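Encoded as structure tokens, the structure appears first; notes follow it.
Values reported hereafter were calculated over all heavy atoms of this structure, with side chains retained and with hydrogens, waters and symmetry mates removed. All of these numbers come straight from a predicted model, not from anything done at the bench.
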Amino acid sequence: MSNGYFKVEMPKNEPVKAYLPGSPERASLKKELERQSAQVVQVPMIIGGKEVWTERKTKAVMPHDHAHVIAEAASGGEKELKDAIAAALAARKAWTEMPMEHRVSIFLKAADLIAGPMRYKVNAATMLGQSKTVYQAEIDTCELIDFLRFNVYYLQQIYDRQPNNTPNVWNRIEYRPLEGFVTAISPFNFTSIGANLPTAPAIAGNVVLWKPATTAVLSNYYVMQALMAAGVINFVPSRGSDMSKYVLSDPNLAGFHFTGSTEVFSGVYSLVGENIKKYKTYPRLVGETGGKDFIFAHNSADVPGLVAALTRASYEYQGQKCSAASRAFVPASIWPQVKEGMLAEIEKIKIGDITDFTNLMGAVIDASAFKTNKEYIDYAKASEDAEVICGGYDDSKGYFVYPTLIEAKKPDFKTMVEEIFGPVMTVYVYPDDKLDETLASCDTATSYGLSGAIFADDREAIVKMEDALKGTAGNFYINDKPTGAVIGQQPFGGARASGTNDKAGSEINMYRWLSPRTIKELRVPCLDVTYPYMVEA
């Protein structure tokens, strides 16, 4: 029995290592990249703390060298998924009853392992399997560490929030986990998100089934190795269709934590609605989905700063961040300088194998992503309503899409409104005297509402633009690129067709995995049945 109040101090963000030439971290990471490049890792399912192997397997390759296999993962079906549900439910009682200080210590230990001895292992797997440069992998790993530490702290803050008391009454709130299990389906683009989706509910006392993206299975498997708690998180690489059929329709489903496409999340919403009478509780659906993130410039904008933001936000990590900019609105008066500046920066960008640290870009994640990018670029090339200023593609060795810049003649051109998820930026050049109309178009032309930025030096213009675009983005930036949200500083998430805006890495998200019980204790019982007002004078 714990007789003490065990306090977790507010964490500091994990420092980002620079990997400069001659540094120990650069040498260690390069050595680990060589080691992992020379092997094919066999990745099991992990159910109830035990490795489970299946006849069916999926391969993970290097996107920048798609003939190079780095992992083969077991892929579960009906039996394995039902076994995982049973293992989660069997672990639930002991997990929910474990004292908080012991439960969260598992995740704080995992954070320390990944920050320390496992750092280069996770970084290298992210680089090779998801084609991230050393910097993009490093900030991803730092975010992973921050998720684990900050979510523990946020849970403690929630537990500490208690109601007021009155004489003779003690009120308290008990923050219970959900009844049942939580399903987490994670994306390829961030190892940190892969870790956060199952761990946020688990930190709050829930048991979880975690389906990782096939293309990120290696880095996610290494994260799972740091999170071992038998049955609490069950690692279940599998087909999405099987997850829908056997897991998401299970009566014990209590929550769904997701990052991925709008189409998939909408399908889950429909599936849950169809099965709503089967569930033992209303499942909590938490999702961050698609985006058509923007940069909107005023004619008072600082041009060099705008150019740098456009280039980084559009092309870093091949435009595959949830918050990557893919549409821009630039006034005609400054467009010539912006265009010239962007072309000069694009000319400097090196693209290729991410083990070459001089490259700024790698490849898009797989053949399907390559095909999507190619089709949009070809569409723009063939259209009279757009001009492809630069860009292209080549999948002979890796799934490479070059930094592509398109100028659209109308604000609702196809590449201005549809999500592409690649290094394709489309710019609409608007007349300076049409600011209001163009702001309205930015707001209404697309269904998404994830991330966006405005650039202006005129303070009245900033106020005007901020107000006009208040519904367009859950994360809104002023004179900065719309990427790079940091845990504890800019909680991330959007609304409209971009998700439920439950802000990953915040108390808002942690509340979603809790079911509060209000308790009132009357110390001295009341013996009266009648009330004083009932007496006649």
Side-chain angles (χ1 to χ4, degrees), residues 291-316 319 321-346 386-387 389 405-413 415-417 425-486 489-496 498 501:
K292 194 64 185 174
D293 308 312
F294 65 87
I295 292 178
F296 198 113
H298 183 259
N299 57 21
S300 67
D302 176 81
V303 170
L306 174 61
V307 167
L310 279 164
T311 306
R312 277 190 168 182
S314 305
Y315 305 128
E316 279 190 319
K321 296 183 180 183
C322 310
S323 55
S326 59
R327 59 179 178 139
F329 302 82
V330 180
S333 59
I334 64 171
W335 171 237
Q337 303 127 276
V338 173
K339 179 180 176 181
E340 180 183 3
M342 285 194 71
L343 289 174
E345 292 299 332
I346 290 170
E387 175 193 357
I389 298 170
L405 181 62
I406 300 170
E407 182 179 347
K409 296 179 181 177
K410 53 184 184 178
D412 59 353
F413 183 70
T415 61
M416 286 286 291
V417 298
M425 163 55 74
T426 304
V427 178
Y428 172 66
V429 181
Y430 70 91
D432 288 46
D433 60 354
K434 299 292 184 183
L435 175 63
D436 291 349
E437 295 91 331
T438 310
L439 286 168
S441 179
C442 179
D443 181 24
T444 60
T446 185
S447 60
Y448 300 107
L450 188 54
S451 182
I454 58 172
F455 277 77
D457 280 345
D458 183 321
R459 182 52 60 175
E460 289 187 358
I462 290 173
V463 172
K464 179 190 186 83
M465 296 162 75
E466 181 182 20
D467 182 64
L469 300 175
K470 61 188 173 186
T472 59
N475 279 58
F476 191 79
Y477 298 78
I478 300 172
N479 291 323
D480 195 10
K481 59 185 176 62
T483 61
V486 177
Q489 298 183 42
Q490 300 96 25
F492 190 78
R496 295 183 176 175
S498 291
N501 203 15

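I389 and W335 make their closest contact through CD1-CZ2, 4.0 Å (heavy atoms, listed as atom of the first residue, atom of the second, distance). When all heavy atoms of M416 and Y428 are compared, the pair lying nearest together is CE-CB, 3.6 Å. Counting all heavy atoms, side chain and backbone alike, V427 lies closest to L405 at CG2-CD1, 3.8 Å. The two atoms that bring T438 and K434 nearest to each other are OG1-O, 2.7 Å, heavy atoms only.
Looking at heavy atoms from C-beta onward, L306 lies in side-chain contact with I334 at the 4.5 angstrom threshold. Annotation: side chain of V486 is not in contact with side chain of F492 (no heavy-atom distance under 4.5 Å). Taking 4.5 Å as the limit, some side-chain heavy atom of Y315 sits within range of a side-chain heavy atom of I346. Using a 4.5 Å heavy-atom cutoff, the side chains of L310 and M425 are in contact.
Within a 6.0 Å radius of CD in E437, more than 12 heavy atoms belonging to other residues, nucleotides or ligands are found. E460 CD: 12 or fewer foreign heavy atoms inside a 6.0 Å radius.
No donor-acceptor distance shorter than 3.5 angstrom exists from the side chain of R327 to the backbone of I295, with no hydrogens or angles considered. Side-chain N or O atoms of N479 include one that pairs as donor or acceptor with a backbone N or O of A456 at under 3.5 Å.
Listed by first then second residue, pairs satisfying side-chain hydrogen bond (donor to acceptor under 3.5 Å, both in side chains) with a partner in residues 298-311 read H298-S300, N299-D432, not counting sequence neighbours. The stretch residues 448-458 participates, sequence neighbours left out, in no salt bridge (charged side-chain N to carboxylate O under 4.0 Å, His left out) pair at all. Among pairs with a residue in residues 462-475, those fulfilling salt bridge (charged side-chain N to carboxylate O under 4.0 Å, His left out) read D436-K464, D467-K470, at least two apart in sequence or across chains.
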Chi angles and distances behind the side-chain contact (heavy atoms from CB on, under 4.5 Å) call for N475, Q490: CA-CA 8 Å; N475 279 58; Q490 300 96 25; 4.1 Å; yes
Test side-chain contact (heavy atoms from CB on, under 4.5 Å) applied to V429 and F329, step by step: CA-CA 6 Å; V429 181; F329 302 82; over 6 Å; no
Which donor-acceptor pairs under 3.5 Å do side chains of residues 440-452 form with protein atoms, sequence neighbours excluded?
residue	atom	partner	partner atom	Å
D443	OD1	R496	NH1	3.1
D443	OD1	R496	NH2	2.8
T444	OG1	A440	O	2.9
T446	OG1	V417	O	3.0
S451	OG	P482	O	2.7

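Side-chain contact check for S323 and K321: no donor-acceptor pair (N or O, by modelled atom type) lies under 3.5 Å.
Note: K409 NZ to E387 CD = 8.0 Å, rounded to the nearest 0.5 Å. Taken from CZ in F476 to CD1 in I454, the straight-line distance is 4.0 Å, to the nearest 0.5 Å.
Among residues two or more places apart in sequence or in another chain, the salt bridge (charged side-chain N to carboxylate O under 4.0 Å, His left out) test is passed with E407 by none. Residues forming a salt bridge (charged side-chain N to carboxylate O under 4.0 Å, His left out) with K410 (at least two apart in sequence, or on another chain): D385.
Aromatic ring pairs are classed by plane angle as parallel below 30°, tilted from 30° to 60° and perpendicular above 60°; the pair F296 and Y430 is tilted.
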